Amino acid sequence: MSTAFLEISNGVAVPRDKIPHLDFDRFRREALDIVENGGKVVHFFAYQEGDVVKLSAVLRQDHLLTAGCDAPDTYPALSSQCEPFHMFERELAEQFGISPEGHPWLKMVRYHPNYMDRVDVFGNNYDDDIPGNYDYYSVEGPEIHEVAVGPVHAGVIEPGHFRFNCIGERVLNLEIQLGYQHRGIETLIPGAAAKRLPIIIESVAGDTTVGHSLCMAQAMEALSSTQPDQGAHTIRTIALELERLQNHVGDLGALSGDVAFLPPMNYCGRMRGDFLNMSLLLCGNRFSKGLIRPGGVRFTLDDEVRTTLAQRITEITPQVKHVIELLFSTSSVRSRFENCGSVSQEDAEHLGLVGPAGRACGMAYDVRRCFPTEGYGELDIPENAEDSGDVYARAKVRADEVLQSIDLIQSLLTAPVKTECPEPEERAMAPDAFVVTLNEAWRGEVAHCVLTDAAGNLLRYKIKDPSFHNWNGLSMSLRNTGISDFPLNNKSFNLSYCGFDL
Amino acid sequence: MLNTLRNRFEQGYRTTKYPKEKIELWKRYRGRPQIQDASPAGMARACAEACPQDAIDSEKRVIDMGRCVFCGECEDRSQGTFVAFTQDFEIAVSEKEHLITDGAIPDLAAHARQHFKKLFGRSLQLRQVSAAGCNACEADLNVLATPFFDLARFGINFVASPRHADGIVVTGPISRNMKTALLETYAAVPDPKVVIAVGSCTLTGGPFRGSPEITEGLDSLLPVDLFIPGCPPHPLTNLHALLTFFK
Ligand code: SF4
Ligand code: SF4
């Protein structure tokens with residue numbers, strides 16, 4: 001298929017004038033064409049340059065593709081024809097006041113006034129500090145009732161509002177309204193001192209510190225033509241796999257707790273702590289904050305750390321294996337996991353699910369295999385696709401990935417790792433450049449897109465957490481599911497509120 | 001069943017003896033910062049300039065632990081000659097001024113409110129309010145319920161309803177969108193109540209300071225009784241703070 005979009009590579013900067021700037025109709029047609037033929041949306045966002053607002057899209061097939069155009073004030077929505085644009089168009093409308101006409105469900109994403117002082121597309125009054133002040137989707141009928149939960153939930157968890165339309169115990173529709181965690185990160189970054197960037201990025205989603213930090217570091221490196229050494233790549237790969245282990249192990253325990261099987265819940269909770277302490281061993285922080293900086297890493301993997309880490313992994317591995325075996329061989333667990341909250345592959349494709357949530361529905365996409373960064377080019381990452389799309393499949397993918405991550409880390413720890421920690425310095429960035437960076441964090445594809453202006457300063461810093469794709473997957477999984485299975489499904493996705501809300 | 005028992009045996013007994021026995025944290029962990037007297041003023045200025053959080057006052061030679069995210073950039077920059085991080089995790093304070101330190105931190109036990117000990121010393125029920133941080137602070141509060149820390153053995157629990165709570169534990173920089181929910185949760189807790197601020201975000205806005213969407217310091221909204229610095233605070237920092245302040 002020929003396209004006007006430009007083929008680009010993950011983490012390689014391109015001059016912005018090399019990116020096709022199409023007229024809007026052509027841009028729309030080509031973008032739809034790519035996505036209707038199996039492509040996926042990585043980014044679709046606007047940025048302001050001088051007085052002009054422009055659109056940029058990054059799509060993926062076997063390759064990454066990009067093009068741009070001037071942003072119209074209103075335009076015929078792409079989502080009305082092609083669902084994967086749905087969230088992106090809502091975000092565009094919220095951030096820049098651009099109105100996608102005929103959008104199937106135009107509602108706010110994070111509840112904030114647009115950046116352009118334009119008339120609010122949603123007709124919101126932002127004097128009320130409540131994102132939930134809004135006419136929810138409703139179902140009518142004599143037996144219908146609604147359950148409203150949040151923003152303050154029953155546990156030590158992030159805020160969000162969930163609105164269930166139920167008939168008896170059965171959920172007809174779950175609507176999720178987020179935005180409570182909105183900190184204005186994308187507008188904060190371009191104006192903040194360069195030294196703050198790594199700290200801000202580490203706090204996009206603390207449980208995905210490594211995933212987001214890698215995207216940031218790779219983007220800065222590409223824009224400043226900096227090459228981290230091989231040792232830094234190895235350490236970053238280990239850090240990303242440790243992050244995967246921490247979260248998958250923790251969530252498998254939580255899933256077990258949600259079906260009232262307490263032994264794995266407690267064991268996994270404790271083992272997750274052990275994996276967090278391995279990140280502390282590496283860099284002094286349990287969430288790997290402070291580890292990754294443009295140019296490399298701030299902490300070496302000297303032989304003391306390397307052998308200690310290897311020992312700890314060796315010691316914990318049989319425990320992890322046995323607890324996973326226990327979990328999956330317990331029939332009461334299996335009977336709750338199986339056929340609970342199924343999402344079909346077709347729906348998953350339309351929603352654009354990524355990561356384990358996508359792989360559980362048969363979509364094998366994994367950035368580590370498809371667009372490898374850091375040390376992944378030399379590693380063998382299995383496909384991990386399940387096909388049942390239920391809680392069982394999501395848990396199974398995660399359990400498989402746990403065992404694989406352990407193997408990957410062990411293989412990286414066998415030989416000494418040498419790295420020079422980079423001096424923190426402000427690196428000049430290429431002017432008028434564009435880069436997109438993708439990494440497979442534990443929830444799936446994290447993607448940052450960075451644009452510089454004529455002086456080499458940040459023009460736009462666009463962040464996408466995998467949760468941006470996957471929250472609608474959770475809604476979908478609840479259709480026709482008992483409301484009491486919400487916690488279980490929620491845990492099987494375990495999406496980020498702060499990563500979504502930015 | 002046999003499998004369950006085998007796992008139970010393999011997992012063993014894991015609960016820490018802290019605070020009865022001291023715990024040594026690994027040398028790369030960054031706890032209480034210690035300013036070194038001998039370092040030249042130029043080095044202090046270089047550190048202050050390098051600090052991404054602008055947490056260092058090079059004239060007064062102090063660090064604001066409320067702003068600090070414990071990244072260690074200053075220690076790197078000065079090779080430990082201006083500031084070195086100790087592994088001391090007992091760094092919570094009861095007055096905001098105490099966050100600004102040259103390394104000496106007032107004894108929390110001595111500043112604890114005695115009537116709180118009387119009221120809550122045997123049973124403390126807390127409602128956590130997550131307000132726009134990165135969720136790492138929440139995660140490291142959550143682990144207090146895992147077998148290693150086992151917070152419940154001290155009579156301290158996180159509860160679902162603010163009406164059942166003796167106080168709130170706030171994390172995050174209190175976004176505009178979370179402010180109303182936070183204040184309503186606070187109002188729903190019966191008097192007398194305590195307010196605990198956890199993490200750099202809640203103390204000063206943390207990594208997000210300067211954004212119009214957030215609040216730079218919970219103390220501008222509510223009276224805060226206990227300030228726990230860190231990004232996030234180590235679970236032991238939280239545990240120490242709760243035990244010292246209330247037990
Ligand atoms: S450790 Fe704290 S004081 Fe030092 S540079 Fe980092 S934020 Fe600044
Ligand atoms: S203080 Fe740090 S760890 Fe805690 S919520 Fe804020 S950014 Fe996250």
Side-chain angles (χ1 to χ4, degrees), chain A residues 110-112 129-131 151-152 154-159 179-185 187-188 191-193 195-196 198-200 202-207 209 263 266-267 269-270 272-273 276 280-287 289-290 298-299 318-319 322-323 325-326 329 424 496-498 501, chain B residues 3-4 6-8 10-11 14 25-26 28-30 50-53 69-73 76-77 85 128-143 145-148 158 160 162 172-173 175-181 185 201 206-208 210-214 231-232 234:
Chain A
R110 308 184 176 103
Y111 194 79
H112 62 79
D129 294 340
I130 308 172
V152 179
V156 184
I157 39 172
E158 299 182 81
Y180 295 88
Q181 300 275 68
H182 181 57
R183 291 145 286 167
I185 292 180
T187 38
L188 179 64
K195 63 182 181 180
R196 291 182 61 190
I199 307 288
I200 297 172
E202 284 174 343
S203 309
V204 168
D207 56 21
T209 297
N266 285 307
Y267 305 155
R270 195 271 303 169
R272 170 174 171 274
L276 288 166
L280 186 143
L281 176 73
L282 192 55
C283 71
N285 182 291
R286 284 157 52 94
F287 297 84
K289 294 189 180 212
R298 281 189 48 233
F299 296 88
Q319 299 170 22
H322 297 154
V323 174
E325 274 163 28
L326 173 63
S329 65
S496 177
Y497 301 68
C498 56
D501 283 344
Chain B
N3 199 356
T4 310
R6 204 178 305 126
N7 270 276
R8 176 69 195 88
E10 184 174 49
Q11 292 285 331
R14 302 279 179 171
L25 287 178
W26 169 243
R28 284 188 181 179
Y29 165 74
R30 294 172 292 282
C51 172
Q53 289 297 99
V69 291
F70 298 80
C71 67
E73 205 80 61
D76 274 10
R77 179 61 63 109
F85 282 87
Q128 205 272 323
V129 184
S130 162
C134 78
N135 198 29
C137 276
E138 289 84 339
D140 263 352
L141 281 169
N142 242 332
V143 296
T146 60
F148 182 81
F158 286 98
S175 57
R176 198 175 44 78
N177 287 344
M178 237 344 250
K179 200 149 115 196
T180 306
T185 307
C201 277
F208 312 109
S211 166
E213 293 282 340
I214 60 120
C231 187
H234 193 281

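This structure is a prediction, so every number in the text was calculated from the model and none was measured. Every heavy atom of this structure was used, including side-chain atoms; hydrogens, water molecules and symmetry mates were not. By convention in this document, chain letters (A, B, ...) are assigned in the order of the sequence lines, proteins followed by strands, and residues within each chain are numbered from 1.
- For chain B, the nearby parts of Asn266(A) are the backbone and the side chain; heavy atoms of each come within less than 4.5 Å.
- Looking only at heavy-atom pairs under 4.5 Å with chain B, the residue among Gly273(A), Gly179(A), Ala192(A) that has the most is Gly179(A).
- Contacts between Arg8(B) and chain A at a heavy-atom distance below 4.5 Å involve backbone atoms as well as side-chain atoms.
- Contacts of Pro263(A) with chain B are made by side-chain atoms alone, with heavy-atom separations under 4.5 Å and no backbone atom involved.
- Of the two parts of Leu188(A), only the side chain, counted from C-beta on, holds a non-hydrogen atom closer than 4.5 Å to a non-hydrogen atom of chain B.
- For Thr146(B), the part lying near chain A is the side chain, with the backbone staying farther off; criterion is any non-hydrogen pair under 4.5 Å.
- Centroid-to-centroid, the aromatic rings of His182(A) and Tyr111(A) stay 6.0 Å apart or farther.
- Contacts of Ala50(B) with chain A are made by backbone atoms alone, with heavy-atom separations under 4.5 Å and no side-chain atom involved.
- Proximity to chain B is limited to the backbone of Arg110(A), based on heavy atoms less than 4.5 angstrom apart.
- Of the listed residues (Arg77(B), Arg176(B), His234(B), Gln128(B)), the one with the most heavy-atom contacts under 4.5 Å to chain A is Arg176(B).
- Thr185(B) touches chain A through its side chain: at least one heavy atom from C-beta onward sits under 4.5 Å away, while N, CA, C and O do not.
- Contacts between Ser329(A) and chain B at a heavy-atom distance below 4.5 Å involve the side chain alone, from C-beta outward.
- For chain A, no part of Cys137(B) is nearby; none of its heavy atoms comes within less than 4.5 Å.
- For a residue to count as touching a neighbouring chain, one of its non-hydrogen atoms must lie under 4.5 Å from one of that chain's; by this rule Tyr267(A) touches chain B with backbone and side chain alike.
- Using a 4.5 Å cut-off between heavy atoms, Phe158(B) touches chain A through its side chain atoms alone.
- Both the backbone and the side chain of Glu73(B) have a heavy atom closer than 4.5 Å to some heavy atom of chain A.
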